[in-house]
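The structure presented is a predicted model; accordingly, all values stated were derived computationally and were not measured.
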Amino acid sequence: MRPTVLDPLFAAITSLDGVGPKLAGLLQTLLVGHGQTVRVRDLLFHLPSGLIDRRERSEVLSAGQGAIVTLTLRIDRHQPPGRAQKTSPYRVYAQDETGEIALTYFRAQPRWLENLLPIGETMLVSGKVEWFNGRAQMVHPDFVAPIAEAEQLSLVEPIYPMTAGLSGKVLRKAISEALSRLPNLDEWIDESVVARQTFPRFADALKRLHDPQDAIDLDPSGASLRRLAYDEFLANQLALALSRRKMRALSGRSLSGDGHLVSSLQSALPFSLTHAQESAIAEIHADMKSPERMLRLLQGDVGAGKTVVALMAMARAAEAGVQSALLAPTEILARQHALGLSKLCEAVGLRLELLTGRDTGKARARKLERLASGETQIVVGTHALFQEGVDYHDLGLVVVDEQHRFGVHQRLTLTEKGKRADLLVMTATPIPRTLVLAAFGDMDVSRLAGKPAGRKPITTVALPDERLPDIVQRIGSAIEQGDRVYWVCPLVEESEKSDLTAAEDRAGVLRQFFGDKVGLVHGRMSGEDKDAAMAAFKAGETAIIVATTVIEVGVDVPDASIIVIEHAERFGLSQLHQLRGRVGRGDKPSSCVLLYRPPLGQTAQARLKIMRETEDGFRIAEEDLKLRGEGDLLGTQQSGMPFFRLAKLEHHADLMEIARDDARLMLNQDPDLKSERGEALRTLLYLFGKDEAVRLLRSG
């Protein structure tokens, strides 16, 4: 059903002249990865990362260190390496009126160089000049040709991300061939937006990016990249809006109750709800009462109290006579949720059960029976909750914790176990507003700012690793006073490829000082061993837990008041903030020690400075986006967050808001995209791989 005008762009890469099986394999590795079909479109969307400007015509003497210049040279002599110096370079000496330069080649064939650079010929040579001891050299010139062939020199040449075995010349030729297939597509952007943003046409933007005339052409603020970023955002927002409409069309049902369970729960809490929690609960209860299906994201900072808000929603569902399922990304977090919620549920007469892949035999069968009969009102677990053979009496509410770990595309299937079940998504990872729009633009958002009353601020310090003995001494004093300590290391064991201190090694060192008070937990341990290590730490049987980032999200030990993060310079800001959030959960003053190995780079210095300045996860997330870009912020390709090929959220955030508003307006004016512009928008959706969104249109 894809428009035929796009056929040239979705043709296999081997349809291009000069692209055989070997080159196609290299392009597949570079553009889409193993197992996926690489198409002409993928080549066009592979944008340059920079350019080489050879317009500076220079003389040898005036060429600056590291400058890329084009020289007119007479070839004087060849100096091949001696027989005993096979690893030495082959040098060709050439000169102009101002001085001499050595054209240097490694592992080159002498005969090939003799033909390329004949003695006595005047040649045009382009490349980077380097000076050593007053002598100029150019290693592997980019371009060499007789003066008569000067017109062949590309004065401004785009530079692309590459893969081993692929040359820039071959890639540029393939892209040039792909550009010749670019069809003239109808405009999908409103004329007023085009004029206001000074956007070129889609095809013109692509052509300019692949044939830049100046650095501004490749700048994120340039018109061409902004145009393509908007197109990609618009496709993303249209797809999310259509997904939302589909979910809404599967009309929900009104879930309301008399408030007795919610009121009892609130009375049973050992603390008062914050204003932000009360507002979020009110928004969620209003959604549940509405006959439309709830699609809401509950976004909170570390320790903001999201789980209590979710429990209030599940209590309201129980009042309405339906079941709730709380889906956690890991077994350790599912068990912690079940443990933390069970006491409150018991206090008000709610039946809660834990169901994970570890349940087997008769015990599992009994749990499934209680779930199918409706005896169990709330079930907590991992993705096992939605496996075949797990049946519910009447599932009315699905709560998903840490949604970005499951993948956006699972939303439509998460609620299939229930009858038009409401969906509440929680994340403890503060996400910049633009990323929220990109990943959750189809959902309403409740944001929990601040922390519950009684939480103490966390003192954060950054220290070089040479202060390690002082830190160990300080920890010794702290655990004598009953404090508990997290010690976080990036790796499990020493690797030849890394100098990072391993968790196992660090635990061994600390045990020399503190004996069996030191525990260890990491991702390679079995679920039972992880649970046992965390239980011992929580109970106070161990006072120090050495861990990898397995303790990043959700682990809750209120008595832990110190966290040491080793090699803090290697972590991203958001991850450092998540780790710091493991302390400061009780009523004790807490500390976070960021241990780093100097010297620090500029970005690492900026990260540690921000960590010392603020505990506001939302500000930290925005700063992280600026420092790292969305590709690294959440590990987008692994996390299910959207992956943008052309747009860069750290540069194009303003366009996301415009695209969101435009997408809503377009669908309001033309719900089925049947108009002339609507057809162009369908083309846009296919172009950016949103085929599923078009299928939603066809299915009504």
Side-chain angles (χ1 to χ4, degrees), residues 253 255 257 260-262 264-265 268 288 307-308 310-402 405-406 410 413-426 521 525-536 538-539 554-556:
R253 49 184 170 159
L255 298 178
H260 75 281
L261 285 173
V262 171
S264 297
L265 265 178
M288 294 174 71
T307 311
V308 168
L311 181 58
M312 293 296 180
M314 293 188 285
R316 176 54 55 93
E319 288 175 1
V322 299
Q323 295 168 296
S324 301
L326 172 55
L327 176 65
T330 63
E331 190 166 315
I332 194 170
L333 195 50
R335 289 184 177 278
Q336 183 172 289
H337 275 317
L339 185 65
L341 296 177
S342 59
K343 291 176 185 175
L344 285 169
C345 287
E346 285 172 16
V348 299
L350 276 171
R351 178 65 183 260
L352 178 144
E353 293 233 45
L354 173 69
L355 182 66
T356 71
R358 209 191 292 183
D359 292 305
T360 57
K362 291 181 179 178
R364 177 181 173 82
R366 283 194 294 272
K367 285 186 179 184
L368 294 180
E369 285 172 12
R370 289 192 291 270
L371 206 54
S373 70
E375 185 182 345
T376 296
Q377 294 161 293
I378 298 173
V379 62
V380 179
T382 56
H383 59 276
L385 297 181
F386 295 91
Q387 289 176 344
E388 196 172 336
V390 179
D391 297 314
Y392 296 79
H393 176 67
D394 187 0
L395 179 61
L397 173 65
V398 175
V399 181
V400 185
D401 195 17
E402 292 303 317
R405 298 196 173 201
F406 289 96
Q410 292 177 321
T413 59
L414 281 174
T415 54
E416 286 179 358
K417 290 277 186 183
K419 299 171 184 174
R420 308 183 301 281
D422 283 343
L423 180 62
L424 176 65
V425 166
M426 303 193 298
V521 62
M525 292 165 64
S526 68
E528 291 91 339
D529 288 345
K530 281 185 206 167
D531 287 348
M534 289 309 301
K538 196 162 188 172
V555 173
D556 189 10

Value for NE2 (His337) from CD1 (Ile332), rounded to nearest 0.5 Å, stands at 12.0 Å
Legend entry - Short side-chain to backbone donor-acceptor contact, Gln323 and Thr376, under 3.5 Å: yes
OG (Ser342) and CG (Leu350) are apart, to the nearest 0.5 Å, by 11.5 Å
- prompt: Hey, are the side chains of Leu424 and Val398 touching, using non-hydrogen atoms and a 4.5 Å cut-off?
  reply: no
The complete set of salt bridge (Lys or Arg N to Asp or Glu O under 4.0 Å) pairs with one or both residues in residues 372-385, sequence neighbours excluded, reads Arg351-Glu375
With side-chain contact (heavy atoms from CB on, under 4.5 Å) as the test, would you mind laying out the steps for Met534 and Lys538 before giving the verdict? CA-CA 6 Å; Met534 289 309 301; Lys538 196 162 188 172; over 6 Å; no
Only residue of Leu333, Leu352, Leu339 satisfying side-chain contact (heavy atoms from CB on, under 4.5 Å) with Val380 is Leu352
In short, salt bridge (Lys or Arg N to Asp or Glu O under 4.0 Å) pairs touching residues 317-340 with sequence neighbours left out are Arg316-Glu319, Glu331-Arg335, Glu331-Arg358, Arg335-Asp531
Looking at side-chain heavy atoms only, is the closest gap between Ile378 and Leu341 below 4.5 Å? no
CG (Leu395) and CZ (Arg420) are apart, to the nearest 0.5 Å, by 12.5 Å
Nearest heavy-atom contact between Asp359 and Leu354 is OD2-O, 3.6 Å
Correct closest heavy-atom pair for Gly396 and Leu255 would be O-CD1, 3.7 Å
Correct closest heavy-atom pair for Ala328 and Asp401 would be CA-CB, 4.3 Å
Shortest non-hydrogen pair, Ala533 vs Met525, comes out as CB-CE, 4.3 Å
Taking every heavy atom of Gly357 against every heavy atom of Ala384, the minimum-distance pair comes out as N-CB, 4.1 Å
d(Leu327 CG, Leu423 CG) to nearest 0.5 Å is 10.0 Å
In terms of heavy-atom contacts, Val390 and Arg364 come closest through CG2-NH2, 3.9 Å
I want to check something: taking the side chain as every heavy atom from C-beta on, are Lys362 and Arg366 in contact at a cut-off of under 4.5 Å? yes
Are the side chains of Leu311 and Leu344 in contact, using a 4.5 Å heavy-atom criterion?
yes
Query raised in the report: Does a side-chain heavy-atom distance below 4.5 Å link Val400 with Met426?
Result: no
Counting C-beta onward and ignoring hydrogens, is there a side-chain heavy-atom pair between Leu385 and Tyr392 closer than 4.5 Å? yes
- Do the side chains of Val521 and Asp529 get nearer than 4.5 Å, heavy atoms only? no
Only one of Gln377, His393, Glu353 passes side-chain hydrogen bond (donor to acceptor under 3.5 Å, both in side chains) with Arg370, and that residue is Glu353
Glu369 meets the salt bridge (Lys or Arg N to Asp or Glu O under 4.0 Å) criterion, sequence neighbours left out, with none
